[in-house]
**Student:** 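I am attaching a structure below and will ask some questions about it afterwards.
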Number of protein chains: 4
Amino acid sequence: MTDTTPKRRRRKDARPAEIVNAAMDVFVEHGFANAKLTDVAKRAGVAKGTLYLYFETKEDLFRATAREALTANLEALEQSSAAFNGSIADLVPMLLKRAAGRMGDGRVPGIVRMVLAESRAFPDLARIWHDEVVARILGRLTELVSAAQAGGEVRAGDPGLFAISIVGPMVLGVLFQEVFGSDSQHAPELGMLATQHAETVLHGLLVRS
Amino acid sequence: MTDTTPKRRRRKDARPAEIVNAAMDVFVEHGFANAKLTDVAKRAGVAKGTLYLYFETKEDLFRATAREALTANLEALEQSSAAFNGSIADLVPMLLKRAAGRMGDGRVPGIVRMVLAESRAFPDLARIWHDEVVARILGRLTELVSAAQAGGEVRAGDPGLFAISIVGPMVLGVLFQEVFGSDSQHAPELGMLATQHAETVLHGLLVRS
Amino acid sequence: MTDTTPKRRRRKDARPAEIVNAAMDVFVEHGFANAKLTDVAKRAGVAKGTLYLYFETKEDLFRATAREALTANLEALEQSSAAFNGSIADLVPMLLKRAAGRMGDGRVPGIVRMVLAESRAFPDLARIWHDEVVARILGRLTELVSAAQAGGEVRAGDPGLFAISIVGPMVLGVLFQEVFGSDSQHAPELGMLATQHAETVLHGLLVRS
Amino acid sequence: MTDTTPKRRRRKDARPAEIVNAAMDVFVEHGFANAKLTDVAKRAGVAKGTLYLYFETKEDLFRATAREALTANLEALEQSSAAFNGSIADLVPMLLKRAAGRMGDGRVPGIVRMVLAESRAFPDLARIWHDEVVARILGRLTELVSAAQAGGEVRAGDPGLFAISIVGPMVLGVLFQEVFGSDSQHAPELGMLATQHAETVLHGLLVRS
DNA sequence: CATGAATGAGCATTCATTCAT
DNA sequence: TATGAATGAATGCTCATTCAT
């Protein structure tokens, strides 16, 4: 009897996470409006009523899910932010590679799509996503570019727009995959896109620039 | 009743277009699931039942709307495609400028957002959009890049990925505006983004590349 | 073609009344919480959704129903109020008789029971009933008693309490019928109660008072 | 553990009473349908499941509660019934005074309201209340009146209806307070009502009856 | 053709009841 | 005994769709 925690209690603590996990799949797959709580419950292996032990309403569950997705992304973000030193020429390829790797496997692309889709119906969530994820990423990148400009590595220009030049193609690539699938002729392979776009954005398309 | 072309008939011919036009606003604003046909009818100035004289179902109306949006974009696209000659160095700034102009005013950004949002629920529409818009734009751009590579203007690399490097930041800029609004600190001004990104993607970020 | 009003329209105008009428039965029979809108719809001969064309919510329908019941009672009340002249000795028997008659047939007793039952859940309705019905009846009666006191017909005392002495037994009789049915040994026959109580309250129980 | 009558057991014996007590408050406050067993449990200081150790269903608990309320009233009734002797002229004021006192403080008025409210949904309870309370009170009173008629104190008439003339105003006063509150202009003060109505019903309203 | 009242399937939500601990 | 997490039947409400006018 070393474990005094009853199984029921252990499950109770895990339930919200299990439910949010199931909900993430369902919301990403069907969008908020078309997601049926029955499906969420089924996927979470609980009854419909159980959802309401942990979340007040469907919207509430959606918010919790969106916030959880945020958290997941933020952790990944924090890791990358350690790579603060070094030259832009080293940093950009690495960052894009990492991003490509992160996007390739998990549910992140679907989440991004969902955020775009529901941003109209949940403007407050859009703001949170902006503040917690987008602004942070762009802000950090903008700082790096600024520093590189100060160091003479990067040429003059709005560092915020440079940041967009750096990440834009990766975002497009991810959305392309998510929206149109990978069987299109134009579907970019994310790893290769990361490598080549890093080159491109650093040195330019032109042969002799 | 000497007039055999009464207002009624003239309106009748215009009805489907009027309805689709109203529907576009409503679908863009609320998304497919949250759009109410009552709203569409009200905005089109007709009764709810009238919608069903021209469209079988809500989904049908949505498809017609999505296809119409497509057409609008395609026309704009065809114009740009006239600019077939010239060097990449001239073409890219011009194309991005035009894109920025087109995105700045009208309903296109909202439509793009809607397409992303509903692509999961309407994969066939996603495919149409892919084939009719995305593949065409990327295809044409890829051809241009390829030609420029052949002409020694652009260096070696996958021309399809280069195309993404060119348009990606503009897409990100548009989505940013659409999703987060323009009051964010990081919201890019599209015209400036077009100008600077054209520079960047052509010559690179680095001072001496 | 004298009647240009289409049948549909004619029904539309009648619908709210039909629905309220059906709702009255259902609410009186089951109370607010146990009343099923399906039942209301069925009894009104319409579909469930039709209710929502005319009433926002179940509560809304209930309020409308309660207000309608009020109106019905008020009309009866206004008639009685014509009997403004004459002595108390003539008035009281007549009023109680009328009340007994009105209570005997219709749905009024059930409505009174419902008002009592739901007054806790709908205090605003209770207030309306108080102001519109109860206060009016008691107020008018109190005035009559006051006038009769001034005229030396009625002896000293609080005229408001006298009013309660006059109507209280009738209310108890009605509630008794409504709650316990008329097969009880103690169930008062309302007509006889009216007659005898009028005697009693005017002259007293005692043989020689 | 020398004490074989631990607090647990003592509480155990009291549990049903505690639960019924809590239930009475909740049922009176919200009515049967709107009463939540969670609230009952919380107020009783037990878990929801505990209720089911002592009562099969919510309805069962309600019946027990209604029966308990009955008992409370019956005890009060039995006391009054001792006052069996004396003249009607002495008895009536005393009885009404006592009734006014009993109604003034406790939960009795609320219980009366609840009985009226739920009599439709629980006709068997209505019957029990009728047999155990109403019929007894009216029966006893009818007997007293009958005896007084035999003794020449009360004049001719249906003694059952006389009984209603005696108690009706008190019932109306109690219900008025319960349903409309005491801040209405017409709200009768029960003590004064008892005094004046006793006078009125004994001697009549008229100056010279 | 046009209307909009009517329909009813579909889903979120509540809460009495159960049962593993 | 006592607990309270879990259940799922029941119901209010929405809105795409139909059809009598």
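So that the names make sense, note that chain A is the first sequence line, chain B the second, and so on, each numbered from 1. Nothing here was measured: the structure is a model prediction, and the numbers come from that model.
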**Student:** Under 4.0 Å between a side-chain N or O of C/Tyr54 and OP1 or OP2 of E/dA6?
**Tutor:**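 Answer yes for this pair, as a side-chain N or O of C/Tyr54 is under 4.0 Å from OP1 or OP2.
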
**Student:** Report the residue (A/Lys36 or A/Gly49) whose heavy-atom-nearest nucleotide on DNA chain E is the more 5′ of the two.
**Tutor:**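 The residue whose closest nucleotide sits nearer the 5' end is A/Lys36.
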
**Student:** Could you state the atom-to-atom distance from NZ of A/Lys42 to P of F/dG8 in whole Å?
**Tutor:**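 These atoms are roughly 12 Å apart.
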
**Student:** Round to a whole Å and report the spacing from NE2 of A/His30 to C1' of E/dC11.
**Tutor:**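 Distance check: A/His30 NE2 to E/dC11 C1' gives 14 Å.
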
**Student:** Write down the partner of E/dA9 under the Watson-Crick or G-U wobble criteria, each distance required to be under 3.5 Å.
**Tutor:**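 Per the H-bond distance test, F/dT14.
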
**Student:** Quick one: C/Leu61 CG to F/dT11 C1', roughly how many Å, whole number?
**Tutor:**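 About 15 Å, once rounded to whole Å.
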
**Student:** Around atom CZ of C/Arg127, are there more than 12 heavy atoms from other residues, nucleotides or ligands closer than 6.0 Å?
**Tutor:**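 Open: at most 12 neighbouring heavy atoms sit under 6.0 Å from CZ of C/Arg127.
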
**Student:** What is the distance, to the nearest angstrom, from the CG atom on A/Asp60 to the P atom on E/dA12?
**Tutor:**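 Spelled out: CG on A/Asp60 to P on E/dA12 is 14 Å.
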
**Student:** Return whichever of C/Glu59 or B/Glu56 has its heavy-atom-nearest nucleotide of DNA chain F closer to the 5' end.
**Tutor:**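 By nearest-heavy-atom nucleotide position, the 5'-most residue is C/Glu59.
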
**Student:** May I ask you to test the D/Phe55-D/Arg63 pair for a side-chain heavy-atom distance under 4.5 Å?
**Tutor:**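 Side chain of D/Phe55 against side chain of D/Arg63, heavy atoms only: no contact under 4.5 Å found.
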
**Student:** Within the structure shown, what part of the strands sits under 4.0 Å from B/Ala35 by heavy-atom distance: base, sugar-phosphate, or nothing?
**Tutor:**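 Here B/Ala35 touches the backbone only, sparing every base.
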
**Student:** Quickly work out the D/Phe55 CZ to F/dA2 P distance and round it to whole Å.
**Tutor:**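 Roughly 12 Å, once rounded to whole Å.
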
**Student:** Watson-Crick or G-U wobble partner for F/dT21, using a 3.5 Å limit on both distances?
**Tutor:**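 Matched F/dT21 with E/dA2 under the 3.5 Å cut-off.
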
**Student:** Please classify the nucleic acid contact of B/Lys48 as base, sugar-phosphate, or nothing, using heavy-atom distances under 4.0 Å.
**Tutor:**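 Touches a base.
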
**Student:** Is any side-chain N or O of C/Tyr52 closer than 4.0 Å to OP1 or OP2 of F/dT14?
**Tutor:**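 For F/dT14, OP1/OP2 do not have a side-chain N/O of C/Tyr52 under 4.0 Å.
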
**Student:** Could you check C/Ala47 against A/Leu37 and say which one's nearest nucleotide on DNA chain E is further toward the 5' end?
**Tutor:**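 Checking each residue's closest nucleotide, the 5'-ward one belongs to C/Ala47.
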
**Student:** Nearest to the C/Thr50 side chain among F/dT7, F/dA16, E/dT7, which nucleotide is it?
**Tutor:**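 Between F/dT7, F/dA16, E/dT7, the one nearest the side chain of C/Thr50 would be E/dT7.
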
**Student:** Expressed as a whole number of angstroms, how long is the span from D/Ile19:CD1 to F/dT3:P?
**Tutor:**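 So the CD1-P distance, D/Ile19 to F/dT3, works out to 9 Å.
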
**Student:** Between D/Arg120 and C/Glu178, does at least one N-O distance fall below 4.0 Å, as a salt bridge requires?
**Tutor:**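 Salt bridge between D/Arg120 and C/Glu178, a charged N being under 4.0 Å from a carboxylate O: yes.
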
**Student:** I need the minimum non-hydrogen distance between A/Met24 and A/Ile111, along with the two atoms involved.
**Tutor:**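 Heavy atoms only, the tightest pair is SD-CD1, 3.6 Å.
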
**Student:** Below the 4.0 Å mark, does F/dT1 have OP1 or OP2 next to a side-chain nitrogen or oxygen of D/Arg15?
**Tutor:**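 Checking D/Arg15 against F/dT1: no side-chain N or O falls below 4.0 Å of OP1 or OP2.
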
**Student:** Just wondering, are more than 12 heavy atoms of other shown residues or ligands nearer than 6.0 Å to CD in A/Glu59?
**Tutor:**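 It does: A/Glu59 CD has more than 12 such atoms within range.
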
**Student:** On DNA chain F, compare the nucleotides closest to B/Thr38 and A/Leu53; which residue's is nearer the 5' end?
**Tutor:**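 It is A/Leu53, whose closest nucleotide lies nearer the 5' terminus.
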
**Student:** How many Å lie between NZ on D/Lys58 and P on E/dT17, as a whole number?
**Tutor:**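 Going from NZ in D/Lys58 over to P in E/dT17 covers 8 Å.
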
**Student:** A/Asn34 CG to F/dA16 P: how many Å, rounded?
**Tutor:**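 That distance rounds to 12 Å.
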
